[in-house]
Structure formats: C-alpha cells, structure tokens
S.K.: 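Below you will find the structure I want to go over with you.
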Amino acid sequence: MNLECFFNPRSISLIGASHSERKLGGTILKNLLKFRGRVYPVNPKYNDLMGLKAYRRVEEIPEIVDLSIIIRPATEVPEILVAQRDMVRCAIIISAGFAEVGESKLQDEVKRLGQELGIRILGPNCMGIYNPYGKLDTLFLPYERLKRPKRGNIAVTSQSGAILSYLFGAIRAANVGISRAVHYGNAIDIDESDLYEYLMHDRDTDVVISYIESVGDGRKFIKNATVLSEKKPLIILKSGKGSRGEVAAYSHTGRLAGRYEVFSSILRQFGIKEALDLDDLTDKAKALSLLRSSKGNRVLIITNGGGSGVLAVDECMRQDLEVTPLPEEKKERLREIFPDFYVVNNPVDLTAQVRDEDYLVVLKELKDFYDGFIVIALANVLGITERLSEIIKNFKEDSQKPLIFHIDQSEISRKLIALLERSRIPVYPSPERAVRGLKALLS
C-alpha cells in the first residue's frame, strides 16, 4: 500500500489553521513551517497566517494537495471532506468527537465519504505523523512541551497519543532515534496493519514498535505483522489485558479490544515479539536499533559487583537464557591470569579491584563459547576509566556478537555511557533491563 501522501507529501492544506499557538490549529501550523513542501492554511478570518497566505475555503487552494489536515469540530468534517472532492489524496482528521464519545453514526458517515471520494484517512481522534527525515510534524504539541527525538531507525505506531508522547521521551532518554511516528486514533481507514505494510519497505526504518489497544481486521493484522517481522524486528505492546482494560480501550478509541490471552498466544504462534510494558518496549527497541540480532541463547555475564551479577542471572532464567558454565580449560586459563580473589565462574566477578583490560581478557578467552554478553561495570571504582569504551568497541567489531552493558547511573559514569553508545553499544540502568535488551537480540 502506498502511503507516501501521508509520510512524504509535497503539499499540505491545514483546515482550521490559527494565528495563535494557544490553539491546536496554531501549534500545528507552527510545526508545519519547517516542512519542505507547500503549506496552505485555511481559515476564512485571515488573509495570512504566520507569514503564509491564508485561504478562506479549500476550493480556493490552487492545486490538488497530497495531504489535508483537518482540525475542526467533528460535525463539520463530512462537509469538509465533500468540499475537497478531487482536490486531495489523503487526510489526517485530528478532530475528536466520534465513536470514542458514542458518535458512531458520524464516524461511519466520515468513513463512507472517504471511500466514496477516494480519500485515504488517518484518524479521526489522532495526532497524525512525525517524519523527521521529511521535516513533517502534524502533532499538536509544541516543541517546548514535547521535545522530539533525534533522527534514527525506529518507527513508532501508536493507537494512543499519550503513549506516543511517552515514547518520544523514552526514546530520547535511551539515546536512540525515530524514523517515523504515527498516532492513528480511531483508525476508520488506515490502521496498524496498513502501517506495517508501509514500514516494511521504508528505507529509514530498521525496527518497528507498536502500541495497540485493539485490532480491527485480525487476519490482516497477523498477515502484515508476520511479513513485517520476517523483514525487520517488530515489537508489540498490547494493553487492555483484563476485562476492565478492554472497556477502557473501547472508550478511548471506540474499537473492541478482544481477549488478551488469545492475542498473545497468536503472537507467539507466529513468532512476533511482544513487550511486557513500556520499559520493556523501549529496552528491546534500543537493543535492536543499535545491534544486529543473532542466533543462540548462551549468555556470559562479566561483572565487578557480585550482587548485580546475581540479579542478571535471575533475569536470564526468567527470559529462558542459559547462563552456561565456563569450559574447564578456560577456567584454568583465567585462574592463571587473574588474582585468586577474582571469581572465575559465570558470572565472572572481577571484584572492586577490576581494571579496564580485565574485561577484554575474559571476552577474548570466551568469545567463541557464548552467543551474547552482559558486561556490568560499576564505575565508581578506580580501575574503570573511559578507556573501557575503546576496548569494548574493538572487541564488538571483531566478534560481531551482541554485547550489552549495565552501568550504574552517576556523574562518573555519564561520559563512559556516552562513549559506549556513540559506538552503538547499548547501556542500561539495571542488570534486569540489560538482560531483557539482550533477549530481544537472541533467538
């Protein structure tokens, strides 16, 4: 399905544009000032808006536009669509006030008109699209209130605007970036399945994360999700897991959620990754954004703090990852190299007297025996310095196996974390989250 008119339009009309950033139409217009194409604000009260010529009616716009953004009361939307007959290819209906508040007949009318007029519709009750590569931002939240993530390779689809906003902050904090972001709301036309079909061919996207409350066409969803996940990592977070959650999901977007147990079972059956919660969704996305997936489930844990290593082992067990014992010959070799107070097991505990190069010694000795590595560096000891980042970077490039860090959050560790992530080595704030990041990479 070609959705280029949504993600890479050449021209946009904004129906309901405003002069004031205190109004949604003003915020959207300000965001659209960065757009590289042509923008046509529509508002009968003004001759110009924010330096752009304004139009009293859509019929006065001098060309067929690729994308129309509608931010007018719900009852006006059918008339606005009719007025754009043969004048627009795609429309984002930002306006709320449809099935989510019981106005199902109005929503059905808008859906019918879209089909009759040949206009593809995103929404209603949505924020629309963010495409940093095309400088397209239809979100009605000002930059001062919601900082956008940097450009990257993670696409986000969300049935909830609030969750999309949260994920923007989480992705920024994870030091990774976004290729595309979509809030599709009530999904009377374009839904998550259509977006999967588009994103599987999108060159800027390597990973797709998807927040879902309900699914419209189950067969279409499974087909497109399966095909996408065979080409690129797809991680789904489903809400509405219990009966009360199902009711809440319906009142949010007017779509029935269905039984979670059935949904989760189908994802497992078709090998589609599922996140447990928002942290898990972000942690998996971070790992997959920075590193390549790999086969196997044998994990080596190297730590300089015994307790952190134990927590990592516990999480490995929960994630069905094998903390395989060290081969005996390698144990003997490491005991010859290291002081006798280092614990040569799995985890390998290098204690508080660790030096940067000790991590490399262990990794080189054992790189052929494990499928992935958890490195725990509690950076408040003297032996850990910024040199560790260069040492690990060289090993990662040589081994081509997934390697994940846990580093405690402190003033001392901030520079080390930045250096590692600049080398595309994911760092997590807890042992458990590091393990879950590694799990996303191993199969």
S.K.: Using a cut-off of 6.0 Å, state whether more than 12 heavy atoms not belonging to Asp277 lie near its atom CG.
M.R.: yes
S.K.: Is it the case that the ring center of Phe221 lies less than 6.0 angstrom away from the ring center of Phe263?
M.R.: yes
S.K.: Please evaluate residues Asp48 and Lys53 with respect to the criterion salt bridge (Lys or Arg N to Asp or Glu O under 4.0 Å), reporting the C-alpha separation (whole Å), side-chain torsions for both, the decisive distance (0.1 Å), and the verdict.
M.R.: CA-CA 4 Å; Asp48 62 84; Lys53 179 181 177 181; over 6 Å; no
S.K.: Do we see a donor-acceptor contact under 3.5 Å between the side chains of Gln107 and Glu103?
M.R.: no
S.K.: So does Glu274 pair up with Lys238, basic N to acidic O under 4.0 Å?
M.R.: no
S.K.: Using modelled atom types only, decide if a donor and an acceptor are shared between the side chain of Ser423 and the backbone of Ile425 within a distance under 3.5 Å.
M.R.: no
S.K.: Kindly give the heavy-atom pair with the smallest separation between Asp320 and Asn297, and that separation in Å.
M.R.: O-ND2, 3.4 Å
S.K.: Compare every heavy atom of Cys316 with every heavy atom of Val299, then report the nearest pair and how far apart it is.
M.R.: CG1-SG, 4.2 Å
S.K.: Charged N to carboxylate O below 4.0 Å: is that the case for Glu197 and Lys220?
M.R.: no
S.K.: So Leu416 and Ile384, side chain to side chain contact (heavy atoms under 4.5 Å, CB included) or not? Walk me through it.
M.R.: CA-CA 9 Å; Leu416 177 57; Ile384 291 180; 4.0 Å; yes
S.K.: Under the disulfide bond (SG atoms under 2.5 Å apart) rule, what pairs show up with a residue in residues 4-59, not counting sequence neighbours?
M.R.: Cys5-Cys90
S.K.: Ser214 and Gln159: side-chain donor and acceptor closer than 3.5 Å?
M.R.: yes
S.K.: How about Phe7 and Tyr198: are their ring centroids closer than 6.0 Å?
M.R.: yes
S.K.: Please tell me whether Glu192 and Tyr184 have a donor and an acceptor in their side chains that are separated by less than 3.5 angstrom.
M.R.: yes
S.K.: Do you see a donor-acceptor pair shorter than 3.5 Å between the side chains of Arg414 and Ser410?
M.R.: no
S.K.: If we ignore angles and hydrogens, is there a donor and acceptor under 3.5 Å between the side chains of Ser413 and Asp408?
M.R.: no
S.K.: Are Lys295 and Asp371 ion-paired here, with the side-chain N under 4.0 Å from a carboxylate O?
M.R.: no
S.K.: Please confirm whether the backbone N or O of Ser193 pairs with a side-chain atom of Asn224, one donor and one acceptor, at under 3.5 Å?
M.R.: yes
S.K.: Is the centre of the Tyr130 ring less than 6.0 Å from the centre of the Phe168 ring?
M.R.: yes
S.K.: If you count every heavy atom of other residues, nucleotides or ligands that lies below 6.0 Å from Lys23 atom NZ, does the total exceed 12?
M.R.: no
S.K.: Is there a salt bridge (Lys or Arg N to Asp or Glu O under 4.0 Å) between Glu322 and Arg298? Walk through the geometry before answering.
M.R.: CA-CA 5 Å; Glu322 293 184 15; Arg298 296 170 303 166; over 6 Å; no
S.K.: Between Lys284 and Asp280, is there a salt bridge with N-O shorter than 4.0 Å?
M.R.: yes
S.K.: Closest approach of Phe35 and Pro9, non-hydrogen atoms and distance?
M.R.: CZ-O, 3.1 Å
S.K.: What's the spacing between Thr324 OG1 and Ile301 CD1 if we round to 0.5 Å?
M.R.: 10.0 Å
S.K.: Say whether Gln84 and Ser68, considering side chains only, have a donor N or O and an acceptor N or O under 3.5 Å apart.
M.R.: yes
S.K.: Less than 4.0 Å between a side-chain N and a carboxylate O, is that true for Asp206 and Lys232?
M.R.: no
S.K.: Does a donor on one side chain and an acceptor on the other come within less than 3.5 Å for Ser229 and Thr226?
M.R.: no
S.K.: Testing the basics here: between Thr138 and Gly128, what is the closest heavy-atom pair and its distance to 0.1 Å?
M.R.: OG1-CA, 3.3 Å
S.K.: For atom CD of Gln400, is the number of surrounding heavy atoms from other residues, nucleotides or ligands below 6.0 Å larger than 12?
M.R.: yes
S.K.: At their closest point, which heavy atom of Leu288 faces which heavy atom of Pro233, and how far apart are they?
M.R.: CD1-CB, 3.7 Å
S.K.: Verify side chain to side chain contact (heavy atoms under 4.5 Å, CB included) between Ser210 and Leu234, making sure each step is shown before the conclusion.
M.R.: CA-CA 8 Å; Ser210 183; Leu234 167 65; 4.3 Å; yes
S.K.: Applying salt bridge (charged side-chain N to carboxylate O under 4.0 Å, His left out), which residue pairs with at least one partner in residues 33-47 are found, sequence neighbours left out?
M.R.: Arg38-Glu63
S.K.: Glu116 and Arg112: salt bridge (Lys or Arg N to Asp or Glu O under 4.0 Å), yes or no, with the steps?
M.R.: CA-CA 6 Å; Glu116 179 184 304; Arg112 183 191 65 78; 2.6 Å; yes
